[in-house]
Amino acid sequence: MSSLSKLLVGAAVAALSSGSAWAQTAPATTPGTAAVAAPTVADAAAQADGSAEAQQDIVVTGTARPERSVRTSISVSTLDAAQLNQLAPLGSADLIRNVPGIRAESSGGEGNANIAVRGLPVASGGAKFVQFQEDGLPVLDFGDIAFATADLFVRPDNNVARVETVRGGSASTFTSNAPGAIINFISKTGATEGGNIALTKGVDFDRTRIDADYGAPLGDDWSFHVGGFYRIGTGVKDAGYTAEKGGQIKGNITRKLADGFLRLTFKVLDDRAPAYVPVPVRLTGTVDNPNYSSFPGFDAKSGTTMSRYLRQDISIGADGNRILTDVADGYRIKSRAIGGEASFGLGGGWSLDDKFNIAKNSGGFVTPYPANVASAASFVSSIGGAGATLRYANGPNAGQTIANPGALNGNGLASNTLLFNVTLDDFTNATNILTLSRDVDAGSAGTGSVTFGYFKSYQAVKMDWHWNSYLQEVKGENAALLDVYNAAGQAVTQNGLIAYGEPVFGNCCQRYYNVDYNIDAPYIALSWKTGGLSLDGSVRYNSSKAEGIYAGSVNRVIDVNQDGVIQTPERVVPVVSLAAAKPVDYRKNYFTWSVGANYELNPGLAAFARVSRGARFNADRVLFGGGVRDDGSIADNVAVNFVNQQELGLKYRGGAMYANLTAFRATTAEANELVIPVQQIINNKYRSYGLEAEGGGDWGLFHLIAGATYTHARITDSQVTPALNGNTPYRQAALIFQATPSIGNDVFSIGANVTGTTSSYAADVNTLKMPGYVLTSLFGSYALTPSIKLSVNAQNIFNVLAITEVGQVQDRIPADGVTTARSALGRNISATIGLRF
């Protein structure tokens with residue numbers, strides 16, 4: 001091995017997965033984002049079911065044709081089904097935090113994660129520059145829709161053969177709105193017969209989950225796969241009620257042709273899961289060396305504001321009707337999807353591929369958010385005035401007066417809790433990708449390909465925000481609501497309700513959107529190989545249109561509970577005014593492009609370089625941020641944020657080892673609105689650069705997967721707040737890292753998954769820090785028979801308080817030591833028994 005190869009491996013040592021017979025990692029043959037020549041697809045399908053190399057090193061995402069990773073000029077990582085089983089992710093974002101270059105904060109539960117790539121900002125939450133895909137088609141066209149982030153609509157289960165993640169590069173041209181990364185969940189197709197049934201139980205928390213899948217060939221030309229899951233429980237944080245309930249079923253059937261295939265797919269998802277938000281936290285120390293800890297009666301790692309005593313909410317929707325909400329719905333996601341793909345040769349070296357998916361998506365987002373935590377006594381005086389008293393509104397002590405609010409639950413605190421309550425009426429996504437490809441063979445001069453594509457997508461964004469404010473005790477489990485009575489003994493709250501709307505946020509958030517987004521994007525991709533040199537380039541013309549309405553609120557007097565009495569909270573009820581709705585009507589046309597080169601220095605070592613210009617067309621986040629004019633038009637620089645990227649890297653493959661080392665640089669701008677924890681407008685320019693390392697090795701029983709990313713990111717120009725110029729974007733750590741060592745074979749396996757980060761800032765002002773942390777999870781399995789296996793997974797085994805977001809006080813140490821913050825989940829252990837057949 002050359003000294004360069006040794007240096008590369010030493011810088012990014014990691015390991016291939018163990019290749020257990022339990023993994024059943026037969027990947028789908030569907031290309032990730034563009035069609036390929038039919039013979040290539042058929043060859044990839046044959047290799048995928050029987051070749052370990054094909055499973056772990058053939059890339060179909062972000063390329064015009066399946067290709068060995070070492071010969072591509074893109075940064076791509078693959079997680080297979082075996083790793084999925086070992087990591088036991090809570091959700092899709094929890095899985096991809098093991099991918100170098102990606103910072104995935106999955107502390108919100110099974111969705112609503114903040115996902116950043118290589119220093120590109122996450123100013124308002126979600127995954128603005130990232131696209132989640134299933135089998136090469138977008139789940140949603142935008143990754144950061146408020147309260148409807150794309151990760152909510154993806155559930156990793158046994159249907160997944162592997163997950164390919166492309167960072168930067170060709171993500172700028174092989175799809176729309178994802179210049180940062182494409183995260184492609186690729187399904188099994190039944191090319192290899194087999195299935196699994198598994199029962200998982202929470203050991204120290206309440207969850208029961210059943211997973212099942214089966215696939216097989218049907219004769220020589222047909223195959224199918226079907227699978228899904230169902231689970232029920234209170235969740236990792238005990239909500240006091242059934243907070244997890246539902247599941248999904250997915251399937252596909254494939255007809256193999258002489259020069260291609262036909263495939264039909266379906267998906268039915270109906271699930272609800274708890275949404276975890278920042279909770280009360282004690283903050284002491286200094287801004288450079290802060291100490292985050294739990295209050296008496298409220299453990300920040302396991303405590304929650306969800307409670308059996310806050311289950312129902314009455315609010316007024318955009319149509320003026322009363323909406324009765326069950327808070328147990330949490331993340332309530334419904335999706336009914338049908339799709340398909342046809343790929344076949346046309347003769348003369350040409351091939352055609354067309355894939356489509358139509359998904360009817362809807363649901364809701366509801367969870368209690370502690371917007372203002374303070375002493376219970378301060379709420380009594382501020383709400384009720386002099387001589388006011390505090391009583392329990394419900395719970396086991398309902399009606400009792402709290403004589404000493406300062407001693408309440410040992411912490412003396414109460415919370416002005418906003419009920420984030422959003423109805424996701426219609427998030428239908430319909431996408432079709434048509435491609436025409438031709439391979440070119442020029443003999444000794446080389447080989448190449450040309451691909452013409454047309455991407456057509458429709459995304460509905462129709463939602464209704466209707467938040468209310470409650471007074472709640474600070475108690476980590478089953479907190480009761482509180483009522484304030486004035487000196488005359490009259491209630492100034494309404495069964496724990498402080499106000500309809502959210503006065504603490506200026507009644508900002510009674511909103512309604514009904515906007516349709518249409519994207520038309522033709523593109524062309526060219527590639528050429530001669531000797532050890534591979535060249536490729538692609539250009540995409542994006543025509544994106546937004547059309548619809550959005551509306552804010554007006555204040556009215558309404559007898560919301562219809563008891564015939566206008567109580568104090570009912571004197572000011574913010575209600576969406578559809579009569580004052582504003583139009584949305586604009587189209588933006590722009591080009592994106594990407595050019596790359598890869599040179600194989602020897603059969604196992606290659607160097608690559610790439611330059612790209614991508615873009616993100618902004619969606620709902622700009623509607624209330626002042627970017628849309630009264631006539632529905634919008635400024636170009638608000639509607640579209642461009643991302644310029646450069647990459648330079650090395651790739652090594654040798655025996656059972658691999659390693660990748662990539663230097664990157666990116667610049668972009670972001671125009672956005674931040675609602676939580678403070679409402680503000682963002683219009684910044686950013687620059688980042690860094691180094692990304694990953695690799696793999698497999699030495700007999702010992703296996704190791706590892707990676708690390710160094711990122712230097714800065715705000716270069718803030719038009720709204722110039723004082724931020726030169727600051728580090730908030731939540732952006734200089735170093736993130738992950739490692740998964742394991743020992744095992746087909747009979748037994750034990751290992752650990754370690755992820756960590758250095759410190760970062762809680763806000764763009766760069767004063768208060770969030771400490772770095774290391775999270776360690778353990779896993780182990782033992783095959784009782786060739787068909788029956790027991791496994792255990794322990795997440796955050798050392799029960800670390802890992803702060804990922806600060807809410808109430810972001811820029812200083814509060815004098816009273818009170819703030820809110822969101823932490824990674826505390827220790828939780830689950831056990832699984834599985835049957836393979």
Side-chain angles (χ1 to χ4, degrees), residues 33 92 111-112 126-127 130-155 175-178 185 246 248-252 264-272 317-319 329 331-341 354-365 422-434 454-465 511-521 542-551 578 581 583-587 616-623:
T33 51
S92 53
N112 205 37
V130 176
Q131 185 176 94
F132 280 84
Q133 295 184 349
E134 288 186 301
D135 298 315
L137 291 161
V139 175
L140 297 178
D141 280 334
F142 310 103
D144 65 339
I145 299 173
F147 301 104
T149 54
D151 59 325
L152 282 168
F153 295 84
V154 181
R155 295 290 192 271
T175 194
S176 295
N177 299 318
F185 288 74
Q248 78 172 357
I249 182 169
K250 292 178 60 178
N252 57 71
L264 291 176
T265 65
F266 76 91
K267 169 181 169 180
V268 178
L269 169 64
D270 191 342
D271 190 33
R272 73 184 193 190
D319 56 6
D329 280 347
Y331 298 128
R332 179 64 188 276
I333 299 300
K334 298 179 181 180
S335 182
R336 308 289 188 272
I338 185 168
E341 182 172 7
D354 187 79
K355 62 168 69 71
F356 75 93
N357 188 69
I358 302 171
K360 180 69 174 178
N361 302 316
S362 62
F365 181 108
V422 180
T423 302
L424 308 178
D425 291 307
D426 185 6
F427 282 78
T428 297
N429 178 274
T431 304
N432 190 90
I433 303 176
L434 174 66
Y454 196 95
F455 175 99
K456 171 65 178 178
S457 189
Y458 163 79
Q459 179 67 63
V461 177
K462 183 180 181 182
M463 68 170 81
D464 185 353
W465 298 24
R511 297 179 172 183
Y512 177 79
Y513 312 151
N514 187 1
V515 184
D516 294 332
Y517 297 88
N518 284 277
I519 302 172
D520 291 89
N542 297 270
S543 181
S544 302
K545 180 173 178 57
E547 186 175 23
I549 62 169
Y550 67 105
L578 292 178
V584 179
D585 187 10
Y586 56 88
R587 179 187 293 275
R616 162 59 202 264
F617 182 76
N618 290 318
D620 67 297
R621 296 280 188 173
V622 300
L623 297 182

- Item | Asp425 and Thr423: CA distance, side-chain angles, deciding distance, side-chain hydrogen bond (donor to acceptor under 3.5 Å, both in side chains) verdict | CA-CA 6 Å; Asp425 291 307; Thr423 302; 5.1 Å; no
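- For the atom pair CZ of Phe356 and CD1 of Ile338, the computed distance is 6.0 Å after rounding to the nearest 0.5 Å.
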- Message: Pair Ser176, Asn542 - check side-chain hydrogen bond (donor to acceptor under 3.5 Å, both in side chains), show working.
- Response: CA-CA 7 Å; Ser176 295; Asn542 297 270; 2.9 Å; yes
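- You'll find the side chain of Tyr454 stays beyond 4.5 Å of the side chain of Asn432, heavy atoms only.
- Smallest separation of non-hydrogen atoms from Arg336 and Asp270: NH2-OD2, 3.8 Å.
- Remark: of the listed residues Asn177, Thr175, Thr431, Thr431 is the sole one forming a side chain to side chain donor-acceptor pair (under 3.5 Å) with Ser457.
- Asn518 places a side-chain heavy atom less than 4.5 Å from the side chain of Lys456.
- Looking at every heavy atom in both residues, Asp141 comes nearest to Gln459 through N-OE1, 3.1 Å.
- A centroid separation of less than 6.0 Å is found between the aromatic rings of Tyr331 and Phe365.
- Between Val515 and Asp620, every side-chain heavy-atom pair lies at or beyond the 4.5 Å cut-off.
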- Task: Report the C-alpha separation of Phe617 and Ile519 in whole Å, then their side-chain angles, then the decisive distance to 0.1 Å, and conclude whether the side-chain contact (heavy atoms from CB on, under 4.5 Å) test is met.
- Result: CA-CA 10 Å; Phe617 182 76; Ile519 302 172; 5.8 Å; no
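- Taking the side chain as every heavy atom from C-beta outward, Phe185 and Val154 approach each other to under 4.5 Å.
- Leu424 CG to Lys462 NZ: the interatomic distance, rounded to the nearest 0.5 Å, is 12.0 Å.
- Taking each heavy atom of Tyr550 and Pro583 in turn, the nearest pair found is CE2-O, 3.8 Å.
- Considering all non-hydrogen atoms of both residues, Phe132 and Ala150 come closest at CD1-CB, 4.0 Å.
- How far CE of Met463 is from CZ of Arg511: 10.0 Å, rounded to the nearest 0.5 Å.
- Annotation: side chain of Lys355 is not in contact with side chain of Asp135 (no heavy-atom distance under 4.5 Å).
- Residues forming a side chain to side chain contact (heavy atoms under 4.5 Å, CB included) with Asn361 (at least two apart in sequence, or on another chain): Leu140, Phe153, Ser335, Ala359, Phe427, Asn429.
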- Message: One pair to check against side-chain contact (heavy atoms from CB on, under 4.5 Å): Leu623 and Tyr513. What are the steps and the verdict?
- Response: CA-CA 9 Å; Leu623 297 182; Tyr513 312 151; 3.9 Å; yes
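- Atom CZ of residue Phe147 and atom CH2 of residue Trp465 lie 5.0 Å apart, to the nearest 0.5 angstrom.
- Counting non-hydrogen atoms of neighbouring residues, nucleotides and ligands closer than 6.0 angstrom, the CG atom of Leu578 exceeds 12 such neighbours.
- Summarising the geometry, atom CG belonging to Asp151 is positioned 9.5 Å from atom CD1 belonging to Ile333; distances are rounded to the nearest 0.5 Å.
- The heavy-atom pair separating Ala318 from Tyr512 by the smallest distance is CB-CD1, 3.6 Å.
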- Query: Between Phe266 and Ile249, does a side-chain contact (heavy atoms from CB on, under 4.5 Å) hold up when you go through it step by step?
  - Reply: CA-CA 8 Å; Phe266 76 91; Ile249 182 169; 4.2 Å; yes
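- In plain terms, the two heavy atoms of Ala178 and Gln131 that are nearest each other are CB-CB, 3.4 Å.
- Under the 4.0 Å criterion applied to side-chain N and carboxylate O atoms, Lys545 and Asp585 are assigned as salt-bridge partners.
- Residues Arg616 and Asp144 are paired through a salt bridge, judged by an N-O separation under 4.0 Å between the basic side chain and the carboxylate.
- A salt bridge does not link Arg332 with Asp271: every distance from a Lys NZ or Arg NE/NH1/NH2 to an Asp or Glu carboxylate oxygen is 4.0 Å or more.
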